[in-house]
Amino acid sequence: MHNLRSYTVPLHRYIAMMDLQERNERLFYKLLIDNVEELLPVVYTPVVGEACQKYGSIYRRPQGLYISLKDKGKVLEVLKNWPERSIQVIVVTDGERILGLGDLGCQGMGIPVGKLSLYTALGGVRPSACLPITIDVGTNNETLLNDEYYIGLRQRRATGEEYHELLQEFMNAVKQNYGEKVLVQFEDFANHNAFDLLAKYSKSHLVFNDDIQGTASVVLAGLLAALRMIGGGLVDQTYLFLGAGEAGTGIAELIALEMSKHTELPVDDCRKKIWLVDSKGLLVESRKESLQHFKKPFAHEHEELKTLLEAVQSIKPTVLIGTSGVGKTFTQEVIEAMASFNEKPVIFSLSNPTSHSECTAEEAYTWSKGTAVFASGSPFDPVEYEGKTFVPGQSNNAYVFPGFGLGVVISGAIRVHDDMLLAASEALAEEATQENFDKGLIFPPFTNIRKISASIAAKVAAKAYDLGLASRLPRPDDLVKYAESCMYTPLYRSYR
Ligand SMILES: O=C([O-])CC(=O)C(=O)O
Ligand SMILES: [Mg+2]
């Protein structure tokens, strides 16, 4: 830690951590676990975003497996080149939508590597059982195509049949090589592929999309905790999203499912309480024809509105959620409007990394005059406002995917079911304490994350057993204890 802290440039800390992971994996995890709040922003969001942008020039050794268009026809052979045989979790990207940064091609590898280091550090999945994969189908990023240090194929992205054939071959090879119980986490795919890949492979494989489902589960947990803090039920709220992509529609759908489960209202009626604004304005009935399929369920009867501010003024939401990937879009006017008709407006600005956040923590607290219940995707420091310190929560899928994955792995689940996501949300929401609420915090601090992951894992595994999706039999009596006993801990062996 002394050495790391001597680097003042965040990217240098990242490089030092990656060197440590290469040199002494056990020490890397020991350090990360013991200093999680300090090191999470280094190995993960936001610094990992800058690392991906500069990946070619900071590249040392491959930390994951690259599968490119050139490997077509021999993907299984390529998979077999990976030195570890027994794999439990794969995180795979095609680099087309890295955080809110867009297409970074093959340099998106930093994301699967970072996510999997959290699977181990936060969720206790053995490092050797984790496999980061980047599918290289080219990039449409001109800067990278012209960058002498770019590490991927120098061509524009393959699309359509060529793309889907490679993905099909990959998914087949994964099942052939590792069986039915390997969890494949899709990460940072573009909207136009993410929903279709999830829908297609969730029937035949154990797949999970972190940006759609992981984010949804964490945000729902944040909302449940926020409502415990300020009072009211899910069904009493009106929701407005800026951004109708994977995160926005994923969260909206999971809120509707949870609402429906607790009220017995049809899911479609619950969706009516949720409004989304995309780059062209409010999703409304008259736009339905031209909308992508994942947006259609949220296009309701309303006049067309072009801007977020107009939508805020007209819909008067109690909860405002930013998932647009575009920074600075929650303006002073937007936040002041939220504070004018809500005693305690709930404001989540979720886009990553920090520069893409819809507003900063300071802006949310200042412009709402200290009334906002605020959380963000990337971390922000505590804010002093009129003598009171507000601690913003980090509503990042990192709270859920490690524990969720652990629950899936230890139960030997063969499919992911939405009820398992709801179980994870409820488990996480229960972890926020009155002490957290007193600081305005709706998520427990990351310092206790391994205990939290074990609780999430136990609830997820229990749901998998209840649904008949678990293959590890008999069912352990105490799932929390069992989850804890399965977790990897970085200790040196004693040889005496
Ligand atoms: O990586 C993160 O911090 C959260 C996430 O999945 C994304 O922004 O795509
Ligand atoms: Mg992501």
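What you see is a predicted model; the values in this text were computed from it and never measured.
Put simply, the side chain of Ser217 gets close to the backbone of Leu421: a donor and an acceptor are under 3.5 Å apart. Proximity of a side-chain donor or acceptor of Asn396 to a complementary backbone N or O of Gly377 within less than 3.5 Å is detected.
Under the 4.0 Å criterion applied to side-chain N and carboxylate O atoms, Arg475 and Asp466 are assigned as salt-bridge partners. Looking at Glu22 and Arg61, a side-chain N of the basic residue comes within less than 4.0 Å of a carboxylate O on the acidic one, giving a salt bridge. Ion pairing of Asp19 with Arg23 is absent here, as no side-chain N (NZ or NE/NH1/NH2) approaches a carboxylate O to less than 4.0 Å. A salt bridge between Glu426 and Lys459 is absent, with no side-chain N of the basic residue lying under 4.0 Å from a carboxylate O of the acidic one.
Contact check for Thr215 versus Glu246: no side-chain heavy atoms found under the 4.5 Å cut-off. When side chains are defined from C-beta on, Thr354 counts as touching Phe380, because their heavy atoms get closer than 4.5 Å. Residues Tyr29 and Tyr488 have side chains in contact (heavy-atom distance under 4.5 Å, counting atoms from C-beta outward). Residues Pro132 and Tyr119 form no side-chain contact, since every pair of their non-hydrogen atoms from C-beta on lies 4.5 Å or further apart. The side-chain heavy atoms of Ser117 and Phe28, taken from C-beta on, include a pair separated by under 4.5 Å. Contact check for Asp188 versus Leu104: no side-chain heavy atoms found under the 4.5 Å cut-off. Between Cys130 and Thr120 there is a side-chain heavy-atom pair separated by less than 4.5 Å. Two residues are said to be in side-chain contact when any heavy atoms from C-beta on lie closer than 4.5 Å; Val91 and Ile111 fail this criterion.
Heavy atoms from other residues, nucleotides or ligands lying under 6.0 Å from OH of Tyr149 number 12 at most.
For the residue pair Ser349 and Ser357, a side-chain donor N or O sits within less than 3.5 Å of a side-chain acceptor on the partner. Checked by atom type, the side-chain pair Ser455/Glu431 shows a donor-acceptor distance below 3.5 Å. Looking only at atom types and distance, the side chain of Asn141 has no donor-acceptor partner in the side chain of Tyr150 under 3.5 Å away.
For an aromatic pair to be called close, the ring centres must be under 6.0 Å apart, and Phe446 with Tyr399 satisfies this. Checked against the 6.0 Å centroid threshold, Tyr365 and Tyr385 do not count as a close aromatic pair.
The aromatic rings of Phe208 and Phe404 sit parallel to each other, their planes meeting at less than 30°, with 60° as the upper class boundary.
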Q: Start with the C-alpha distance between Asn3 and Ser6, add both sets of side-chain angles, then the distance that settles side chain to side chain donor-acceptor pair (under 3.5 Å), and finish with yes or no.
A: CA-CA 5 Å; Asn3 286 347; Ser6 72; 5.4 Å; no
Q: Mind running side chain to side chain contact (heavy atoms under 4.5 Å, CB included) on Arg13 and Val43 for me, showing each step along the way?
A: CA-CA 8 Å; Arg13 291 189 182 189; Val43 301; over 6 Å; no
Q) Do Glu358 and Ser351 pass the side chain to side chain donor-acceptor pair (under 3.5 Å) test, and can you show the C-alpha distance, the side-chain angles, and the key distance before you say yes or no? A) CA-CA 7 Å; Glu358 283 76 9; Ser351 294; 2.6 Å; yes
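With respect to Asn172, the side-chain hydrogen bond (donor to acceptor under 3.5 Å, both in side chains) criterion is satisfied by exactly one of Lys175, Glu169, Gln168: Gln168.
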